[in-house]
Structures are given as structure tokens and as C-alpha cells.
Trainee: 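What follows is a single structure, and I will ask about it in a moment.
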Amino acid sequence: MSGATLITERSWGEGDQEFRASLGMWVFLATEILFFGGLFLAYAELRSQNVEAFDEAGKHANFFFGTLNTILLITSSFMMTIALVCSDKGDRSLLRAMLLVTLALGVGFLLCKGLEYRSDLQEHLGPGRNFPVRLPAAQAFFAMYWAMTGLHAVHLTVGLGVVGRVWLIARRPVWPENFHRTLHVSALYWHLIDVIWMMLYSIFYLVGRAT
């Protein structure tokens, strides 16, 4: 009985590592979705009460930088997907290249976001006396804009660290046994960053453009 129990425990411990890693990441992603979900609900509530002000404020969001960053992140997710395919096929050189391109696109996103923030500050698009939109509730729009895009930038910075770590591991002559699992889990996080940005792009850069 004890020997059978020992064999069962060993088999479960070895075979369950991938499941636990995936489950842990999905739980983490769920908490992130809940966190941003609360912010999206707060935005929806504020907008429902101040539609005109939010539409007017949305026209002042920098559409060029917002669209450019969207293209950068979508492309980076595509590169990450190619990296996963390369990992499955054992193409090490292309895998490292795709991870490096993903990192470069992520850094490009942060640089563009910094330029956008500088432009926003120059146009006084923040709470203060010189705010260009006269409708009072328009400042609530940009308060949500600064908070949510800033938090997204923090998550993207963390994502760069995660992908950078995977890239460093991929450069080793011999990959650890859990490398493929680490890569897939890292890709899940990176894709979440992309999905969140697409939602941010919709509510901050597209709102009010059709009117």
C-alpha cells in the first residue's frame, strides 16, 4: 500500500508541473482582468453620466500615437506567436529573433507613450486650471486616461522583463526542461497586455471621433 502510494505521488508530482504552472498563470490573468475590469466599469459609469463631456474630451486624445502604439502591440503579439511556433519546431535561431523583435516593439511602445505623455502635458491635458475643455466632466475622462494607460505601461514594463528573461534562457546552448512551459506562460501574459490595450484604445482614442 505504501509503495503504491509513493509511486502515485511521484507520478502526480512529475506530471502535474505543467498543469500547476498553467493554472497559476490563468489565476494571475484572472486577477488582472478583474482589476482592469473594475476600472473599465468605473469608466463606463462616468461616461454614462457625462456622454457629451467624454466625447469632447476624447477628441483631444492623440489619435496618431494611440494608433501607432496599437500597431506596435499587435505586431509584437504576432511575433510572440511565431516564437511559440518556432519553439515547437525547435527553430532556435528564429525563436530568439522573434523574442528580440517582440522586446524591441515593446520598448518602442513605451517610447511612443512617453512622447504622447509629453505632448499631453504641453497641451495641458490633465487636471488643472489650463485644461482646454471647458466641460467640467472632461477632466474625469483624462483622469481615467492617465490612470489606466499608466497602469498598462507598468504592466508592459513587467512584460518586457518576462520576455527578456525568456530570451536570455533561449540563448543558452541547452534549454531547461521547463523552457517551453515558461515560454507559453510568458506569451499568455504578453497577449493579455495586448488585449487590454485594444480596449483602452477603443475607449480613449476612438470615443467622440465619429461626431
Trainee: Does the side chain of His180 come within less than 4.5 Å of Leu84's, by heavy atoms?
Mentor: no
Trainee: What distance do Phe64 atom CZ and Asn69 atom CG have between them, rounded to the nearest 0.5 Å?
Mentor: 9.5 Å
Trainee: Which pair of non-hydrogen atoms, one from Tyr117 and one from Gly150, has the smallest distance, and what is that distance?
Mentor: OH-N, 3.3 Å
Trainee: Hey, does the side chain of Arg96 reach the backbone of Ala170 with a donor-acceptor pair shorter than 3.5 angstrom?
Mentor: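 It does hold such a pair.
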Trainee: Hey, does Leu115 have a side-chain heavy atom less than 4.5 Å from the side chain of Ser119?
Mentor: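 A side-chain contact under 4.5 Å is absent here.
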Trainee: Applying side-chain contact (heavy atoms from CB on, under 4.5 Å) to Met199 and Ile203, what does each step give before you reach the verdict?
Mentor: CA-CA 6 Å; Met199 298 177 67; Ile203 66 174; 5.8 Å; no
Trainee: Are side-chain N/O atoms of Glu32 and His155 paired as donor and acceptor at under 3.5 Å?
Mentor: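 Looking only at side-chain atoms, His155 and Glu32 do form a donor-acceptor pair, the distance falling under 3.5 Å.
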Trainee: Would you name the heavy atoms of Ala61 and Tyr205 that are closest together and state the gap between them?
Mentor: CB-CD2, 4.0 Å
Trainee: Let me see the working for Ile196 and Ile33 under side-chain contact (heavy atoms from CB on, under 4.5 Å), right down to the final yes or no.
Mentor: CA-CA 8 Å; Ile196 291 175; Ile33 292 172; 6.0 Å; no
Trainee: Is Phe204 reachable from Leu121 through a run of I, L, V, M, F, W or Y residues, each pair having side-chain heavy atoms under 4.5 Å apart?
Mentor: yes
Trainee: Surrounding CD of Glu123 (heavy atoms of other residues, nucleotides or ligands, distance under 6.0 Å), is the total greater than 12?
Mentor: yes
Trainee: Between Thr102 and Trp190, is the side chain to side chain donor-acceptor pair (under 3.5 Å) condition met? List the steps.
Mentor: CA-CA 10 Å; Thr102 300; Trp190 191 262; 5.5 Å; no
Trainee: Does the side chain of Glu116 come within less than 4.5 Å of Thr149's, by heavy atoms?
Mentor: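 The answer is no; the side chains never approach within 4.5 Å.
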Trainee: Of all heavy-atom pairs between Ile71 and Thr75, which one has the smallest distance, and what is that distance?
Mentor: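 Nearest heavy atoms, Ile71 then Thr75: O-OG1, 2.7 Å.
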Trainee: Indicate if Phe35 and Val195 have the same hydrophobic cluster label, given that clusters are the connected sets of ILVMFWY residues with side-chain heavy-atom separations under 4.5 angstrom.
Mentor: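 Looking at the clustering, Val195 is in a separate group from Phe35.
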Trainee: Counting C-beta onward and ignoring hydrogens, is there a side-chain heavy-atom pair between Leu183 and Ile169 closer than 4.5 Å?
Mentor: no
Trainee: Could you give the distance from CG (Asp88) to CG (Leu95), rounded to the nearest 0.5 Å?
Mentor: 10.0 Å
Trainee: Kindly say whether Ala83 contributes a backbone atom to a donor-acceptor pair with the side chain of Ser87 at under 3.5 angstrom?
Mentor: no
Trainee: Do Met98 and Met80 pass the side-chain contact (heavy atoms from CB on, under 4.5 Å) test, and can you show the C-alpha distance, the side-chain angles, and the key distance before you say yes or no?
Mentor: CA-CA 7 Å; Met98 292 300 98; Met80 179 60 80; over 6 Å; no
Trainee: Using side-chain heavy atoms (C-beta onward) and a distance below 4.5 Å, is Lys113 in contact with Phe65?
Mentor: no
Trainee: Please say whether more than 12 non-hydrogen atoms of neighbouring residues, nucleotides or ligands are located less than 6.0 Å from CZ in Phe78.
Mentor: no
Trainee: When you measure from the centre of the six-membered ring of Trp175, is the NZ or CZ of Arg172 under 6.0 Å away and within 45° of the axis?
Mentor: no
Trainee: Check whether the side chains of Thr67 and Tyr201 place a donor and an acceptor atom closer than 3.5 Å, and report yes or no.
Mentor: yes
Trainee: Between Leu105 and Ile74, is there a shared hydrophobic cluster once you connect ILVMFWY residues whose side-chain heavy atoms come closer than 4.5 Å?
Mentor: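 The answer is no; the residues belong to distinct hydrophobic clusters.
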Trainee: Taking atom CZ of Arg118 and atom CG of Asn62, what is their separation to the nearest 0.5 Å?
Mentor: 11.5 Å
Trainee: Mind listing the closest non-hydrogen atom pair of Ser186 and Val166 along with its distance?
Mentor: OG-CG2, 3.3 Å
Trainee: Is the ring centre of Phe109 less than 6.0 Å from the ring centre of His152?
Mentor: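 Ring centres of His152 and Phe109 closer than 6.0 Å.
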Trainee: Given the rule that I, L, V, M, F, W and Y join up when any side-chain heavy atoms are under 4.5 Å apart, are Val185 and Val158 in one cluster?
Mentor: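 In one cluster with Val185: Val158, yes.
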Trainee: Side-chain contact test, heavy atoms from C-beta onward, threshold under 4.5 Å: evaluate it for Leu151 versus Leu39 and give yes or no.
Mentor: yes
Trainee: Are there more than 12 heavy atoms of other residues, nucleotides or ligands under 6.0 Å from atom CD of Glu177?
Mentor: no
Trainee: Please check: side-chain N/O of Asn178 versus main-chain N/O of Arg181, any donor-acceptor pairing under 3.5 Å?
Mentor: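 No: the side chain of Asn178 does not pair with the backbone of Arg181.
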Trainee: Start with the C-alpha distance between Cys112 and Leu72, add both sets of side-chain angles, then the distance that settles side-chain contact (heavy atoms from CB on, under 4.5 Å), and finish with yes or no.
Mentor: CA-CA 10 Å; Cys112 287; Leu72 289 174; 4.1 Å; yes
Trainee: Under 6.0 Å between the ring centres of Phe54 and Tyr43?
Mentor: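 They qualify: ring centres under 6.0 Å apart.
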Trainee: Report yes if the side chains of Leu110 and Leu160 come closer than 4.5 Å at any heavy-atom pair, otherwise no.
Mentor: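 In short, these two side chains touch, coming nearer than 4.5 Å.
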Trainee: So how far is it from Met144 CE to Phe40 CZ, rounded to the nearest 0.5 Å?
Mentor: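 CZ of Phe40 is found 8.5 Å from CE of Met144.
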Trainee: So Phe142 and Tyr145, would you call those rings parallel, tilted or perpendicular, with 30° and 60° as cut-offs?
Mentor: perpendicular
Trainee: State, yes or no, whether a side-chain contact exists between His191 and Thr81 at a heavy-atom distance under 4.5 Å.
Mentor: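 They are in contact (side-chain heavy atoms under 4.5 Å apart), so the answer is yes.
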Trainee: Check whether Leu111 and Leu156 end up in the same hydrophobic cluster, where Ile, Leu, Val, Met, Phe, Trp and Tyr are linked by side-chain heavy atoms less than 4.5 Å apart.
Mentor: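 Result: yes, single cluster for both.
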Trainee: Checking Thr70 against Trp197: is there a side-chain donor and acceptor pair closer than 3.5 Å?
Mentor: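 Trp197 vs Thr70: donor-acceptor pair found between side chains.
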Trainee: Considering all heavy atoms of both residues, which atom of Ala53 and which atom of Leu135 are nearest to each other, and what is their separation?
Mentor: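 Answer, listing the atom of Ala53 first, then Leu135: CA-CD1, 3.6 Å.
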